[in-house]
Enquirer: 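The following block contains the structure, expressed as structure tokens.
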Amino acid sequence: MIKVLIADDQELIRQSLEIVLNARKNLEVTDTVENGLEAVRSVRKNPPDVILMDVRMPKMDGVSCTQIIKENHPEIKIIILTTFDDDEYVYNALKYGASGYLLKGVSMDGLVEAIETVHSGQAMINPDIATKVVRLFSKMAQADYTIPVESIGLKEITKTEWKIIREVEKGASNKEIASNLYLSEGTVRNYLSSILNKLQLRDRTQLAIWAVQYHVGEEDR
């Protein structure tokens with residue numbers, strides 16, 4: 001059972017998400033809150049596995065809340081619910097360790113898939129904002145936010161894994177990577193798990209940011 005906390009300042013959205021998610025056999029909504037401050041308090045009382053986090057909330061926004069929760073509960077996965085004009089929010093949420101970035105208006109099946117994906121340790125980025133997120137990665141690569149990896153891990157990366165890393169750098173989904181490299185999605189997931197283990201990175205988001213900083217797309221491997 002995946003425990004989910006919903007943080008959104010719109011009551012209708014909170015109630016709708018709670019009803020839909022609780023109808024799924026493998027999901028349980030543990031609490032619904034209307035701002036980041038309440039989310040932090042809720043996590044202290046009953047830590048969830050995944051948080052659906054709106055970015056624009058009163059008292060404490062989703063970015064500040066993400067930072068606090070990830071510092072104290074790094075195991076909790078956070079999915080940011082965003083809109084197209086939330087660049088700065090998404091940029092900072094990336095820095096603080098959010099694992100998913102979805103546009104409000106995503107289908108319920110898409111939302112459930114995202115929850116299951118981040119819970120399994122992967123990242124989930126809505127295809128509609130993938131290009132924007134890659135652009136944000138570039139900004140982060142030029143700033144003071146760096147993702148270090150051990151050189152010994154780099155030596156263990158295979159040619160196929162480098163190809164997958166380049167696809168991740170572009171913002172490609174597992175389905176797109178599978179299609180581009182003529183692999184199954186399951187094989188892509190296995191490769192990604194191996195890559196993260198070798199480079200000792202937390203998730204796909206860190207891998208994408210590192211790939212931009214390392215200029216993987218420019219490497220001839």
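In this text the structure is predicted, and so the values were computed from the model without any measurement.
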Enquirer: Contact between V112 and L21 at the side-chain level, heavy atoms closer than 4.5 Å - yes or no?
Expert: yes

Enquirer: Answer yes or no: is there a side-chain heavy-atom contact under 4.5 Å between L154 and L199?
Expert: yes

Enquirer: For S120 and T117, indicate whether the former's side chain and the latter's backbone hold a donor-acceptor pair under 3.5 Å.
Expert: yes

Enquirer: Can you run down the side-chain hydrogen bond (donor to acceptor under 3.5 Å, both in side chains) pairs that involve residues 42-53, sequence neighbours left out, and say none if there aren't any?
Expert: D31-S42

Enquirer: If you look at every heavy atom in T32 and L5, which pair is closest and at what distance?
Expert: N-CD1, 4.3 Å

Enquirer: Could you report the tightest heavy-atom contact between K77 and V118, atom names first, then the distance?
Expert: CG-O, 3.3 Å

Enquirer: Between K3 and T30, what is the shortest heavy-atom contact and its length?
Expert: CB-CG2, 3.5 Å

Enquirer: Would you say the side-chain atoms of N22 pair up with the backbone N or O of V29, donor to acceptor, closer than 3.5 Å?
Expert: yes

Enquirer: Can you tell me if E75 has over 12 outside heavy atoms packed within less than 6.0 Å of its CD?
Expert: yes

Enquirer: Side chains of D54 and Q10: do they bring a donor and an acceptor to under 3.5 Å?
Expert: no

Enquirer: Does K70 reach the main-chain N or O of I76 with its side chain, forming a donor-acceptor pair under 3.5 Å?
Expert: yes

Enquirer: For I68 and M60, which heavy atoms make the closest approach, and how far apart are they?
Expert: CD1-CE, 3.7 Å

Enquirer: With a 4.5 Å cut-off on side-chain heavy atoms, are I195 and V168 touching?
Expert: no

Enquirer: Return the minimal non-hydrogen interatomic distance between I6 and E18, and the atom names on each side.
Expert: CD1-N, 3.6 Å

Enquirer: Go through the steps to decide whether R41 and V33 satisfy the test side chain to side chain contact (heavy atoms under 4.5 Å, CB included), and finish with yes or no.
Expert: CA-CA 10 Å; R41 291 170 178 166; V33 297; over 6 Å; no

Enquirer: What distance separates K59 NZ from C65 SG, expressed to the nearest 0.5 Å?
Expert: 13.5 Å

Enquirer: Going from CE on M53 to CG on L81, what distance comes out if it is rounded to the nearest 0.5 angstrom?
Expert: 9.5 Å

Enquirer: Can you find a pair of side-chain heavy atoms, one from L111 and one from L52, that are under 4.5 Å apart?
Expert: yes

Enquirer: Using 0.5 Å steps for rounding, measure from the CZ atom of R189 to the OG atom of S193.
Expert: 11.0 Å

Enquirer: May I ask you to test the V4-L17 pair for a side-chain heavy-atom distance under 4.5 Å?
Expert: no

Enquirer: Is R24 close to I115 at the side-chain level, that is, under 4.5 Å between some pair of heavy atoms?
Expert: no

Enquirer: Under 3.5 Å, side chain of K198 to main-chain N/O of E156, donor-acceptor pair present?
Expert: yes

Enquirer: Evaluate the side-chain proximity of S16 to V20: yes if any heavy-atom separation is below 4.5 Å, no if none is.
Expert: no

Enquirer: Working to the nearest 0.5 angstrom, can you tell me the gap between M57 CE and L37 CG?
Expert: 10.0 Å

Enquirer: With rounding to the nearest 0.5 angstrom, report the CG to CH2 distance, L196 to W210.
Expert: 11.0 Å

Enquirer: Strictly distance-based, threshold 3.5 Å: is any side-chain N or O of S194 a donor or acceptor partner for the main-chain N or O of N190?
Expert: no

Enquirer: Could you check whether any side-chain heavy atom of L181 comes within less than 4.5 Å of a side-chain heavy atom of T187, counting everything from C-beta outward?
Expert: no

Enquirer: Scan N174, V188, I177 and name whichever one has a side-chain contact (heavy atoms from CB on, under 4.5 Å) with E167.
Expert: I177

Enquirer: Please report the closest heavy-atom contact between D9 and P58, naming both atoms and the distance.
Expert: CB-CD, 3.6 Å

Enquirer: What distance do I51 atom CD1 and I78 atom CD1 have between them, rounded to the nearest 0.5 Å?
Expert: 4.5 Å

